[in-house]
Amino acid sequence: MVLASILNSDLLNLAKVADTVRESGADALHYDVMDGRFVDNISFGLPVLSSLRPYTKQPIDVHLMIAEPLRFIERFVKAGADLLSFHIESDSDPKETLRCIHACGIPAGIAVSPDTPVSAVYPYLSGMQKDDFILLMTVYPGLGGQKFMPEILPKIRALSAFLSKEQLPLHIEVDGGINAETGMQCRKAGADYLVAGSYVLGSPDPAAAVASLNTPIL
Ligand code: DX5
Ligand code: ZN
């Protein structure tokens, strides 16, 4: 599945961006929330999500890069999130945050920054459900348009092996610097949700970019 990140898109024309995401064939729209505390940047938050929500029928995957995600879960679900991820490095208790997202009735994701070992999420996997996912950052969170970090590939492989061993039907999402080549590397390593921002929305042919992320794995 391909999720188009709108962080680096033409935010003055968000409706047009949503049209482009839909027409590109991307499966969902990825919405990056930053609070200037968890990362050194501020993006967009609840009011923009509420405005976008009625405009598009596509699922919206909200990626919270904020210090206290638990405080905001219910509000982001009300504003229109269909999937919601938070960082394991945040100040909120992961177990409680997962429970809160599940209580709101949508899939939850735990996001992992590049310097955090993937084993940090293992204690929480038993509290996760079908359709939940682990988001492995393939760049440092905070900005779109960065270069993919190939050193994350072993983390994807390790998580994928662990999920198979434990028979946990969770998804692996990757986010940051994803293009046809790095997307294929991630899929070969075990990722099945690819977030791509600049590669899709910065392309003269977004549909071709999405198609290139969906080519069969050889
Ligand atoms: C980075 C964000 C990503 C970013 C991806 O902090 O979480 O979702 O927008 O953008 P690209 O694909 O341009 O790296
Ligand atoms: Zn993201």
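Nothing here was measured: the structure is a model prediction, and the numbers come from that model. Both counts, for ligands and for their atoms, begin at 1 and track the order of listing.
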**Study point:** Matching residue for F86 among V62, I110, L135 - test: side chain to side chain contact (heavy atoms under 4.5 Å, CB included)
**Key:** I110
Practice item. Please write down residue, atom name and distance for the protein heavy atom closest to atom 14 (O) of ligand 1. Key: G177 N, 2.8 Å
Check your understanding: Looking only at distance, does G145 have an N or O less than 3.5 Å from an N or O of ligand 1?
Key -> yes
Review point. Short list, please: which atoms of ligand 1 are under 4.0 Å from a heavy atom of H30?
Key: 8 (O)
Review point. Which residue owns the protein heavy atom closest to atom 12 (O) of ligand 1, what's the atom, and how far is it?
Key: G197 N, 2.7 Å
**Study point:** Per-atom contacts, ligand 1 versus P141 - under 4.0 Å to a heavy atom
**Key:** 6 (O)
Review point. Hey, is the main chain of T182 close enough, under 3.5 Å, to the side chain of N179 for a donor-acceptor pair?
Key: yes
Review point. Is Y193 reaching over with its side chain to a backbone N or O of F133, donor-acceptor style, under 3.5 angstrom?
Key: no
Check your understanding: Looking at L7, which atoms of ligand 1 are within less than 4.0 Å of one of its heavy atoms?
Key -> 9 (O)
Review point. When you measure from the Zn ion (ligand 2) to each N, O or S atom of D175, which atom gives the shortest distance?
Key: OD2
Check your understanding: With a 4.0 Å heavy-atom cut-off (strictly under), which part of V39 contacts ligand 1: side chain, backbone, both or neither?
Key -> neither
**Study point:** Proximal heteroatom of H30 relative to the Zn ion (ligand 2) (N/O/S)
**Key:** NE2
Review point. Is there a side-chain contact between R37 and E68 (heavy atoms, below 4.5 Å)?
Key: yes
Check your understanding: Does CD belonging to E166 count more than 12 external heavy atoms closer than 6.0 Å?
Key -> yes
Review point. Tell me, which protein residue and heavy-atom name are nearest atom 6 (O) of ligand 1, and how many Å apart are they?
Key: G142 N, 2.8 Å
Review point. Where on S5 is there a heavy atom closer than 4.0 Å to ligand 1, on the side chain, on the backbone, on both, or on neither?
Key: side chain
Review point. Would one find an N or O of H63, backbone or side chain, under 3.5 Å from an N or O of ligand 1?
Key: yes
Check your understanding: Which ligand 1 atoms are under 4.0 Å away from a heavy-atom of M137?
Key -> 7 (O)
**Study point:** Name of whichever N/O/S atom of H63 is nearest to the Zn ion (ligand 2)
**Key:** ND1
Check your understanding: Is there at least one pair of N or O atoms, one from S198 and one from ligand 1, spaced under 3.5 Å apart?
Key -> yes
Study note, to complete from the structure: Restricting to heavy atoms, the pick from V200, V195, L143, D175 nearest atom 5 (C) of ligand 1 would be D175
Review point. Any nitrogen or oxygen of M65, main chain or side chain, under 3.5 Å from a nitrogen or oxygen of ligand 1?
Key: no
Review point. Cut-off 3.5 Å, side chains only: do Y199 and S212 have a donor facing an acceptor?
Key: yes
Check your understanding: Does D19 come within less than 4.0 Å of K16, counting only side-chain N to carboxylate O?
Key -> no
Check your understanding: Quick one: do D82 and R53 make a salt bridge, cutoff under 4.0 Å?
Key -> yes
Point to revise | V139 side chain reached by F148 side chain, heavy atoms, under 4.5 Å | key: no
Check your understanding: Can you tell which of A196, S85, G144 gets a heavy atom nearest to atom 10 (O) of ligand 1?
Key -> G144
Practice item. Enumerate the atoms of ligand 1 whose separation from the nearest heavy atom of M34 is less than 4.0 angstrom. Key: 6 (O)
Review point. For G176, is at least one N or O under 3.5 Å away from an N or O on ligand 1?
Key: no
**Study point:** Polar contact flag, side-chain donor to acceptor under 3.5 angstrom, D175-H63
**Key:** yes
Practice item. Apply side-chain hydrogen bond (donor to acceptor under 3.5 Å, both in side chains) to the pair E89 and T116, showing each step before the final yes or no. Key: CA-CA 8 Å; E89 304 88 3; T116 304; 2.6 Å; yes
